[in-house]
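Here's the structure we're looking at; comments come further down.
Starting from 1, each residue takes its place in the sequence as its number. Keep in mind that this is a model prediction, so the values were computed, not measured.
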Amino acid sequence: MDSYKLAVKIFVEDASSLHGHEFVPIFHSWIQQKKLSDHLVIDVADYEHVHDGPGTLLITFEANIATDHEDGRLGLLYIRKQPIKDAETFRHRLHAVIRPVLQAAQWLEVDATLAGKIKFRTDEFLLRIYDRLLAPNTADTFAAVKEDLAAVTTDLFGAPPLSMEFNSSSPESLFEVKVKTPGAATLGDLLAKIRQ
């Protein structure tokens with residue numbers, strides 16, 4: 001699989017006490033503190049008015065990070081837009097897109113302005129490929145990524161995934177796989193294991 005246009009979403013455990021407007025100043029603070037040192041940050045946009053939409057969006061040249069509400073499930077979504085330096089294989093590219101979403105989730109969990117209102121699940125994540133040319137929504141694409149996806153899950157959790165659910169509902173849809181993992185680790189534990 002040659003595509004670098006990978007996206008990973010991790011889900012919030014309980015979003016009932018969260019409000020979309022809370023993320024705008026947090027994302028602005030990340031720009032001011034230069035937290036994303038390997039990304040050229042462009043802007044923050046608020047799309048909370050869009051039903052099941054992207055929520056708050058941190059736009060960088062390399063990727064977008066969004067508080068995504070698709071299917072009514074709040075999560076943090078990292079969408080890669082540019083090639084990844086020194087990530088020659090698909091497995092390396094998976095590591096390279098999982099790391100920033102885990103890091104951003106950890107920053108949100110410890111952010112004082114959220115006062116402990118947000119916790120991310122680590123027993124489930126979504127992989128999407130924004131590349132209909134190189135990764136059409138077909139069983140062949142799933143077969144091409146399945147082994148690497150299982151290997152990365154094993155790298156992180158010490159065991160292969162419990163399940164990989166390929167969303168084959170429509171050939172016009174983006175390629176998407178929901179991965180359920182063998183157990184819930186902390187974000188810190190996962191960050192310590194992910195490829196640098």
Side-chain angles (χ1 to χ4, degrees), residues 6-81 94-128 130 152-153 155-158 161-162 176 178-196:
L6 310 180
V8 172
K9 179 178 178 178
I10 60 173
F11 298 94
V12 171
E13 280 187 6
D14 178 10
S16 60
S17 61
L18 291 166
H19 302 284
H21 66 274
E22 295 177 284
F23 295 102
V24 173
I26 292 170
F27 284 1
H28 277 294
S29 76
W30 292 1
I31 297 171
Q32 293 157 0
Q33 296 166 24
K34 298 184 173 150
K35 280 189 176 267
L36 297 160
S37 58
D38 54 350
H39 289 68
L40 176 62
V41 181
I42 297 168
D43 202 1
V44 175
D46 184 3
Y47 292 100
E48 284 296 327
H49 59 283
V50 179
H51 179 70
D52 286 352
T56 305
L57 190 65
L58 178 62
I59 304 161
T60 79
F61 175 74
E62 296 80 7
N64 291 338
I65 300 172
T67 56
D68 183 71
H69 297 273
E70 189 171 341
D71 295 328
R73 293 188 68 192
L74 179 63
L76 194 64
L77 176 67
Y78 179 91
I79 306 168
R80 188 71 190 191
K81 301 184 292 188
L94 281 173
H95 276 273
V97 296
I98 291 172
R99 182 170 183 72
V101 77
L102 293 175
Q103 183 63 76
Q106 186 180 54
W107 290 337
L108 289 172
E109 282 192 351
V110 299
D111 192 284
T113 61
L114 292 176
K117 292 194 291 186
I118 190 166
K119 182 159 178 54
F120 287 90
R121 298 176 60 131
T122 57
D123 61 347
E124 177 183 14
F125 67 91
L126 184 75
L127 168 70
R128 190 175 290 142
Y130 283 71
V152 169
T153 304
D155 290 346
L156 290 173
F157 292 91
L162 291 175
E176 178 181 290
K178 187 179 292 180
V179 179
K180 294 198 175 173
T181 63
T186 68
L187 292 170
D189 288 343
L190 297 178
L191 280 165
K193 291 179 183 177
I194 200 78
R195 180 179 183 267
Q196 296 293 327

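For Q103 and Q106, the side-chain atoms include at least one donor-acceptor pair closer than 3.5 Å.
Taking all atoms of both residues into account, the shortest heavy-atom contact from T153 to P182 is CG2-CD, 4.3 Å. Here the closest non-hydrogen pair linking A185 and L190 is CB-CD2, 3.8 Å.
The 12-atom threshold is not exceeded at NZ of K180, counting heavy atoms of other residues, nucleotides or ligands nearer than 6.0 Å. In this structure, Y130 places its OH atom where more than 12 heavy-atom neighbours from other residues, nucleotides or ligands lie under 6.0 Å away.
Taking 4.5 Å as the limit, some side-chain heavy atom of H95 sits within range of a side-chain heavy atom of V152. Put simply, the side chain of L36 reaches to within 4.5 Å of the side chain of W107, judged on heavy atoms.
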Audit row: T181, T122, side chain to side chain contact (heavy atoms under 4.5 Å, CB included) steps and yes/no
CA-CA 8 Å; T181 63; T122 57; 6.0 Å; no

Using the rule given for side chain to side chain contact (heavy atoms under 4.5 Å, CB included), can you reason through L156 versus I194, listing the C-alpha separation, both sets of side-chain angles and the distance that settles it, and then say yes or no?
CA-CA 7 Å; L156 290 173; I194 200 78; 3.6 Å; yes

Trace of the side chain to side chain contact (heavy atoms under 4.5 Å, CB included) decision for K193 with D155:
CA-CA 7 Å; K193 291 179 183 177; D155 290 346; over 6 Å; no

Report the C-alpha distance between E176 and L126 in whole Å, list the side-chain angles of each, state the deciding distance to 0.1 Å, and finish with yes or no for side chain to side chain contact (heavy atoms under 4.5 Å, CB included).
CA-CA 7 Å; E176 178 181 290; L126 184 75; 3.3 Å; yes

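Annotation: ring-ring contact (aromatic ring centres under 6.0 Å, His included) contacts of Y78 (sequence neighbours excluded): H39.
To the nearest 0.5 Å, atoms NZ (K117) and CG (L18) are separated by 6.0 Å. Between the CD atom of E124 and the CD1 atom of I10 there is a distance of 11.0 Å, given to the nearest 0.5 Å. Taken from CZ in F120 to CG in L74, the straight-line distance is 7.0 Å, to the nearest 0.5 Å.
Remark: side-chain polar atoms of E22 are not paired, donor with acceptor, to backbone N or O of L114 under 3.5 angstrom.
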Taking distance alone, no hydrogens or angles, what donor-acceptor pairs closer than 3.5 Å link side-chain atoms of residues 57-71 to residues at least two apart or in another chain?
| from | atom 1 | to | atom 2 | distance (Å) |
| --- | --- | --- | --- | --- |
| T60 | OG1 | E62 | N | 3.3 |
| T60 | OG1 | A63 | N | 2.8 |
| T60 | OG1 | A63 | O | 2.6 |
| E62 | OE1 | L40 | N | 2.7 |
| E62 | OE2 | L40 | N | 3.4 |
| N64 | OD1 | K81 | NZ | 3.0 |
| T67 | OG1 | T56 | N | 2.8 |
| D68 | OD2 | K9 | NZ | 2.7 |
| D68 | OD2 | E70 | N | 3.2 |
| H69 | NE2 | E48 | OE1 | 3.2 |
| H69 | NE2 | E48 | OE2 | 3.4 |
| E70 | OE1 | R128 | NH2 | 3.4 |

Please list, one pair per line, the donor and acceptor atoms closer than 3.5 Å that link side chains of residues 23-30 to other protein atoms, with sequence neighbours excluded.
| from | atom 1 | to | atom 2 | distance (Å) |
| --- | --- | --- | --- | --- |
| S29 | OG | I26 | O | 2.6 |

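Relative to the ring axis of F11, R121 does not place its NZ or CZ within 45° and under 6.0 Å from the centre.
Of the listed residues (L76, D189, V97, L191), just one forms a side-chain contact (heavy atoms from CB on, under 4.5 Å) with L102, and that residue is L191.
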